[in-house]
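Because the structure is a prediction, the values reported are computed rather than measured. Scope of the values below: all heavy atoms of this structure, side chains included, with no hydrogens, waters or symmetry mates.
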Amino acid sequence: MDFHDLLFRYFGTAEIDALNASALSAGLDRMRVDFGLETNAGRRFALWALMHMLGDAPDLDAFEDAEEREAARRFMDLADSAGSGD
């Protein structure tokens with residue numbers, strides 16, 4: 001899944017900063033539903049990663065597979081370190 005494709009699919013724009021609160025909330029609702037229904041591990045991870053970046057990701061327990069949980073944990077660590085300027 002391409003980042004811009006995800007933004008267009010769920011929010012109708014690649015300009016996420018321009019979204020009002022209700023449009024952001026509606027897009028996140030659709031993402032949560034699709035995340036719950038998705039069976040492809042890569043697509044589930046992409047959805048989770050975008051939700052994480054937007055501050056609305058499910059807990060790591062949403063990943064039944066231990067390797068997927070660890071990948072999500074590493075992503076969180078990398079995102080946190082990138083955001084801190086270290």
Side-chain angles (χ1 to χ4, degrees):
M1 293 182 131
D2 179 80
F3 179 70
H4 286 99
D5 291 344
L6 285 173
L7 291 178
F8 274 107
R9 178 176 182 158
Y10 293 102
F11 304 104
T13 182
E15 302 299 325
I16 199 81
D17 294 336
L19 290 176
N20 63 40
S22 63
L24 181 62
S25 178
L28 287 167
D29 286 344
R30 288 189 296 273
M31 289 181 77
R32 282 190 293 276
V33 169
D34 285 355
F35 177 81
L37 296 173
E38 184 59 62
T39 58
N40 178 280
R43 288 193 292 259
R44 272 180 59 87
F45 187 83
L47 289 169
W48 180 87
L50 181 53
M51 288 187 289
H52 175 74
M53 289 187 289
L54 295 173
D56 194 44
D59 292 334
L60 295 179
D61 293 342
F63 294 103
E64 294 178 14
D65 183 84
E67 289 181 19
E68 291 173 3
R69 278 193 305 277
E70 184 56 31
R73 192 173 288 110
R74 283 192 306 268
F75 178 85
M76 289 170 49
D77 291 344
L78 287 170
D80 290 345
S81 67
S84 68
D86 291 340

* To do: Evaluate the ring planes of His52 and Phe75, with Trp represented by its six-membered ring, and classify them as parallel (under 30°), tilted (30 to 60°) or perpendicular (over 60°).
  => perpendicular
* Can you sort out the partners of Arg73 under salt bridge (Lys or Arg N to Asp or Glu O under 4.0 Å), two or more places apart, ordered by chain and number? => Glu70
* Check: Ile16 and Tyr10 side chains under 4.5 Å, non-hydrogen atoms -> no
Taking every non-hydrogen atom, the tightest pair across [X] and [Y]:
X     : Y     : answer
Leu47 : Met31 : O-CE, 3.6 Å
Ala14 : Leu7  : O-CD1, 3.7 Å
Ala23 : Asn20 : N-OD1, 2.8 Å

* Asked: Are the side chain of Arg69 and the backbone N or O of Phe63 linked by a donor-acceptor pair below 3.5 Å?
  -> yes
* Does Trp48 reach the main-chain N or O of Pro58 with its side chain, forming a donor-acceptor pair under 3.5 Å? -> yes
* Asked: With the 4.5 Å side-chain cut-off for hydrophobic clustering, are Phe3 and Phe45 part of the same group?
  -> yes
* Do you reckon Leu50 sits in the same ILVMFWY cluster as Phe8, going by side-chain contacts under 4.5 Å, direct or chained? -> no
* Asked: Quick one: hydrophobic cluster around Val33, which other residues, with the 4.5 Å side-chain cut-off, linked directly or via members?
  -> Leu37
* Structure fact -> So the salt bridge (Lys or Arg N to Asp or Glu O under 4.0 Å) pairs with at least one residue in residues 21-30 (sequence neighbours excluded) are Asp29-Arg32
* Structure fact -> Sorted by chain and residue number, the side-chain hydrogen bond (donor to acceptor under 3.5 Å, both in side chains) partners of Asp17 (sequence neighbours excluded) come out as none
* Nearest 0.5 Å please: distance from the NE2 atom of His4 over to the CD atom of Glu15. => 7.5 Å
* Partners passing ring pair (Phe, Tyr, Trp, His ring centres under 6.0 Å) against Phe11 (at least two apart in sequence or in another chain) -> none
* **Qualifying residues under side chain to side chain contact (heavy atoms under 4.5 Å, CB included), relative to Asn40, sequence neighbours excluded** => Glu38, Arg43
